[in-house]
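Below, chains carry the letters A, B, ... as their sequence lines are ordered, and counting in each starts from 1. As the structure is a computational prediction, the values presented were derived from the model and not from experiment.
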Amino acid sequence: MSQQRWQFYFLLTPFLLWIGLLIIWPHFNMLEVSLTERSWTQGDSFSFKHYLLFFQQSLYWNTYLRTAWMAILATFITLLISFPVAYYIAKVAKPRSKLALLMCCLLPFWLSELVRAYGWMILLRESGIISGLLQAIGLADAPIEMLYHDATIILGLVYSGMLFMVVPLVSSLDSMDNSYIEAGFDLGGNRWHIFWEIVFPYAMPGVVSGCIIVFMLNLGNYLIPNLMGGKDSLWFTEMVYTQFITRFNWELGSAFGILLLVLSSLLVWLALKLSGQSLSTTVGR
Amino acid sequence: MIASIPFKARDLKLYKLYIGLFLLFLLLPLVVVVVFSFNDSLFPALPWQGFSWTWYFGDSQPKLGLLHDSRMLRSIVNSFWVACGVTVLSLLMATINALLFVRFEFKGKGLLYMLMQLPLVIPGVILGVSILVASSQLANGLEEAIGWDWPWLRPGLVLVVFGQASFISAICSLILIARYRRFDRSLEEAALNLGANNWVAFSTVTLPYLRPTMISAGIVSFLMSFENFNTTLMLVGSDSPLTITMYERLREGSTPVINAVSVCLMVFSATLALVYLGFRKDAQD
């Protein structure tokens, strides 16, 4: 038995060191830095200054709210577009084309997000393909700039998140017994009712886990807003980056980091509460 | 399709049209990137100047191809080493976690299991920033207290490896744990009964069982490391991995050499993805 205890501690120690040194300690450290006021004359002292600054400067909290709102909107649109696709893959397609479709969905996501954003940039910019095509067929008489709008950011986010929505949806719809749907029809339901009362509730775990993952990816995205958004379309992760790397104001940057973490945890918690799911059933699969 | 309740022919056609449009949306940006890597022009844009390999093999300015672009090549080498480091560390931690969480029952297991998954719900930018803050403070503290200067605690490739491994190891752990849970422990007990010691039983029975899964988890972590951007951006020093170099080029104003790199990445990822699928099939048998 003692040998087993020894083995247990032999495994537990590296685990605790890993999580402690790379996750827990850095985050507490960041919290501590965000609550510190540096002063050359009086030394460091405890202060809520940086959090107060966040609420005083409308630019900061406006960007914060804007980021949250756009991340939620993009998640919702992703769900709207993905659900019919997932239903098609799970229930309509024949086994062979099912696999092919799923592979097509997977394909872009083996690639760097940078390459995907770059593809959209080539398509959408002023000298880009779509603008050129529109001119060629006579729908436009001057180059159109389609990049650098808020709508482009949403487009980019929806594109990036698609796979993480489709896969959980397919896996929850796949496990659904077709006889549920048949029974619904036998009892006189139409497609609309059956969708809302049978299919959608059944897919709920997939919906929640897809939405949570996509939302978190959107909120923490840096590349898409940076490359596809315009000069004044700020994103909160860009502000964190600016404070740390450009301004070298680590205290304010840390406060922003903590605030972003609070926002994502809060919204994820809210989504789990509202849908009655737990974290391990959604993320841990 | 559910045979007893077919769609009307017209509805099914509309549905298929929708799926077709979705696939177009999914693949269009990638196709564009590939096509324009062969355009004999200084810009990845219309008009089409004719087919050319110059962005791959061109050896003179201004159309310097990928093979002669030393900065790009160096960053590929950097990315390769980082990905190797991340893969080794993540697999090691994943094996430890799998043994710890499947073999042992202990107090607080649920809490620790949640802690293990925690990095998956923290935005990548925040993970990077928190590690940056903590390691810099540690480096400063060490230098002040005992005069040690540890350059690897400053932003650079070593820190990038740890930053990426902090969440990639969590993903690998989940993959390995899922596989190890389905392992029949009596096989290991039989080895022990036949006189093997713990290590021999582990390395001749358990490890071969886990090997296909370990290889596919290794491929996943290699690819995720290679294409990671958010965490890397915060921790990078003077040597930059590929995604950072590509990003800097994009900001400077892009030339089709970025397309050429992207195409190479696509070929490389697709190859690894196929290998991955092969091993995943092995792991399910």
Check whether [X] gets within reach of chain A through its side chain, its backbone, both or neither, counting any heavy atom under 4.5 Å.
X: Met93(B); result: side chain
X: Leu112(B); result: both
X: Phe268(B); result: neither
X: Ala270(B); result: neither
X: Ser136(B); result: side chain
X: Leu223(B); result: side chain
X: Met224(B); result: neither
X: Ile131(B); result: both
X: Phe162(B); result: both

With rounding to the nearest 0.5 Å, note down the distance linking [atom1] in [X] to [atom2] in [Y].
X: Met266(B); Y: Ser112(A); atom1: CE; atom2: OG; value: 10.0 Å
X: Leu260(A); Y: Ile126(B); atom1: CG; atom2: CD1; value: 4.5 Å
X: Tyr222(A); Y: Leu233(B); atom1: OH; atom2: CG; value: 5.5 Å
X: Leu114(A); Y: Glu227(B); atom1: CG; atom2: CD; value: 10.5 Å
X: Glu113(A); Y: Asn230(B); atom1: CD; atom2: CG; value: 6.5 Å
X: Met216(A); Y: Leu120(B); atom1: CE; atom2: CG; value: 8.0 Å

Problem - Residue Tyr180(A) excluded, over 12 heavy atoms near OH under 6.0 Å - result: no

Problem - Residue Phe106(B) excluded, over 12 heavy atoms near CZ under 6.0 Å - result: yes

Practice task
Please state whether the side chain, the backbone, both or neither of Trp250(A) comes within less than 4.5 Å of a heavy atom of chain B.
Solution key: side chain

Problem - Heavy-atom proximity to chain B below 4.5 Å, by part of Ser265(A) - result: neither

Are [X] and [Y] side-chain neighbours, meaning at least one heavy-atom pair lies under 4.5 Å?
X: Val268(A); Y: Val121(B); value: no
X: Asn259(B); Y: Tyr118(A); value: yes
X: Asn226(A); Y: Tyr247(B); value: yes
X: Met246(B); Y: Val115(A); value: yes
X: Pro123(B); Y: Thr237(A); value: no

Name the member of [options] that forms the most heavy-atom pairs with chain A at distances under 4.5 Å.
options: Leu92(B), Ile177(B), Val125(B); value: Val125(B)
options: Ile122(B), Leu265(B), Thr243(B); value: Ile122(B)
options: Ser269(B), Gly124(B), Gly163(B), Ala273(B); value: Ala273(B)

Just list the side-chain donor-acceptor pairs under 3.5 Å for residues 8-35 of chain A, sequence neighbours left out, or say none.
residue, atom, partner, partner atom, Å
Thr13(A), OG1, Tyr9(A), O, 2.5
Trp18(A), NE1, Ser169(B), OG, 3.1
His27(A), ND1, Ile23(A), O, 2.6
Ser34(A), OG, Leu31(A), O, 2.7
Ser34(A), OG, Tyr51(A), OH, 2.7

Fill in the blank from the handout: When every non-hydrogen atom of Gly119(A) is compared with those of Val33(B), the smallest separation belongs to CA-CG2, 3.5 Å

N/O donor-acceptor pairs under 3.5 Å from side chains in residues 13-23 of chain B, not counting sequence neighbours:
residue, atom, partner, partner atom, Å
Tyr15(B), OH, Pro84(A), O, 2.6
Tyr15(B), OH, Tyr88(A), N, 3.3
Tyr18(B), OH, Ile81(A), O, 2.7

